[in-house]
Number of protein chains: 2
Amino acid sequence: MSISNKISDSSVRRISIYLRILERMEKNGDETVSSEELSDHSGTTAAQVRKDLSSFGSFGKRGLGYGVSELALCIRKIIGVDRSWRVALVGVGRIGSALVDWGGFLDRGYDIVAILDVDPSKIGQKWSGLTVCDMDDFEDVVREQGVELIILAVPVEAVSDVVDRIADVGIRGILNFAPTTLRVPEGITVKDVNMVMELEALSFTLNQQKLKE
Amino acid sequence: MSISNKISDSSVRRISIYLRILERMEKNGDETVSSEELSDHSGTTAAQVRKDLSSFGSFGKRGLGYGVSELALCIRKIIGVDRSWRVALVGVGRIGSALVDWGGFLDRGYDIVAILDVDPSKIGQKWSGLTVCDMDDFEDVVREQGVELIILAVPVEAVSDVVDRIADVGIRGILNFAPTTLRVPEGITVKDVNMVMELEALSFTLNQQKLKE
DNA sequence: ACTAATATGTGAAGCTTTTCACAAGTAAAA
DNA sequence: TTTTACTTGTGAAAAGCTTCACATATTAGT
């Protein structure tokens, strides 16, 4: 009931998925949805959906289901996307520049307000309307722009220094694209996006299947 | 001991991380490594490292630790990256094209051998040495190129059709970048890469921290 | 040969997450 | 009003995962 009990990471992930389903349904004009429908579309079970949601409150009506837009609103509040977040991208290499170009973050309430790099040939360039800043000015840029989250897309060798500066300037959240485990002080949250790791999990599974034959 | 007991997804993920650490150590010239060192670098516990590894066999020497390159080799075999995989990219939109440009897959044994799209303005174009093929020829391309894995980077609306064709042509692994849960037949493995979901998990945590104050 | 120091491999305990099963609430039809 | 059909919310059971603790094995020094 209260949000104070710890919510598991997997539960948060699933809730994020439910939100995406609800938004499609909202567009589609659906008014109510059952836990079973949500589970069908998210690849989990109806009981799981209800458990996930019930840890934040009672959003549904017995016998009826959940109100689509009502539930979507609640979830947005829960995961904090009822407002936009100010994000800085650090590192405009291959991945970094792809992320800026993509634009998929802004659509979902993550607003890239600054781009930084150490490479003199990149500093001053424009990337989708933003000028690449010198990493030397990192702390100033963060303060001026009110940056709350960092998307970290620098080479592995540079990670440790940048993480220190992120911590020092008081930022509490990092989305890490570098293929290494970040060591951060207490109070800073890191989420990793590691495409190669996912591919390796894939090939592991396929390998296992082959061995069983 | 035997690989027949089910290995958890989180264990496979960690093993993938250990491999990355081992490769850094290999380059560094280190010869042996203890479970504690591995846990330090991967953000887990020594017991966890040993449990993870022991489900595949006994690779270490009591009192000594693990041989770095020996263990790396074993892990490569376990996750199936002791050889290269033939991958096709479906969808050359913003994300898709960024992935090709990136090149980080090839480095790790995932060889992009074909690129496909439905957009006539893209078909025939060259992307890092490969000509974009017409999605109409999907089945032929898959067979000619011996494609084993698909990187799926198409819009949500197109997902369902493409997944059907992937299943029909006999491919068993999909790395999904579309922000939706794929419904696939038994025997096909899907791994999702969902950057926005990670960001939402981040903002959830930051939100919670703020509420506790 | 013996002792000290080190570090693996693993059964068992402890903890977390998922699934089950059902009481309780809602709406529409008879 | 009563019945019927449905669906949530939630303790309790089951399953799964992580941590503990220690027997076991190896090397180096005395």
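Just so it is clear: chains get the letters A, B, ... in the order the sequence lines come, proteins before strands, and each one is counted from 1.
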Tell me which donor-acceptor pairs under 3.5 Å the side chains of residues 178-192 of chain B have, and how far apart each pair is, sequence neighbours excluded?
from, atom 1, to, atom 2, distance (Å)
B/Thr180, OG1, A/Arg24, NH2, 3.4
B/Lys191, NZ, B/Asp9, OD1, 2.8
B/Asp192, OD1, B/Asn176, ND2, 2.7

Next on the checklist: I want to confirm an ordering. Mapping B/Ser10 and A/Phe59 to their closest nucleotides on DNA chain D, which one lands closer to the 5' end?
Outcome noted: A/Phe59
Checklist entry - Is it true that atom CD of A/Glu139 has more than 12 heavy atoms of other residues, nucleotides or ligands lying nearer than 6.0 Å? => result yes
Checklist entry - Do A/Ser58 side-chain atoms and A/Ser54 backbone N/O form a donor-acceptor pair below 3.5 Å? => result no
Checklist entry - Under 3.5 Å, is there a donor-acceptor pair between the side chain of A/Ser16 and the main chain of A/Val12? => result no
Next on the checklist: Starting the side chain at C-beta, find the nucleotide from C/dT19, D/dA21, D/dT19 nearest to A/Gln48.
Outcome noted: C/dT19
Would you mind reading off the distance between [X] atom [atom1] and [N] atom [atom2], rounded to a whole angstrom?
X	N	atom1	atom2	value
A/Glu36	C/dA21	CD	P	16 Å
B/Leu53	C/dA7	CG	P	16 Å
A/Leu71	D/dT8	CG	P	11 Å
B/Tyr66	D/dA25	OH	P	16 Å
B/Lys61	D/dA28	NZ	P	12 Å
A/Asp9	D/dT18	CG	C1'	16 Å
A/Phe56	D/dT10	CZ	C1'	16 Å
B/Arg50	C/dT8	CZ	P	6 Å

Item to check | Phosphate-side-chain proximity, A/Thr45 and C/dT19, N/O vs OP1/OP2 below 4.0 Å | outcome: yes
Next on the checklist: Between the base of D/dG11 and the side chain of A/Lys51, is one N or O donor paired with an acceptor at under 3.5 angstrom?
Outcome noted: yes
Checklist entry - Is A/Arg62 side chain donor-acceptor paired with the D/dT8 base, going by distance under 3.5 Å alone? => result yes
Checklist entry - Quick one: OG on B/Ser34 to OH on B/Tyr66, what's the gap to the nearest 0.5 Å? => result 9.0 Å
Checklist entry - What nucleic acid atoms does B/Ser35 come within less than 4.0 Å of, heavy atoms only: base, sugar-phosphate, or nothing? => result sugar-phosphate
Next on the checklist: Here's a test of your reading of the structure: between B/Ser34 and A/Asp52, which maps to the more 5' nucleotide of DNA chain C?
Outcome noted: B/Ser34
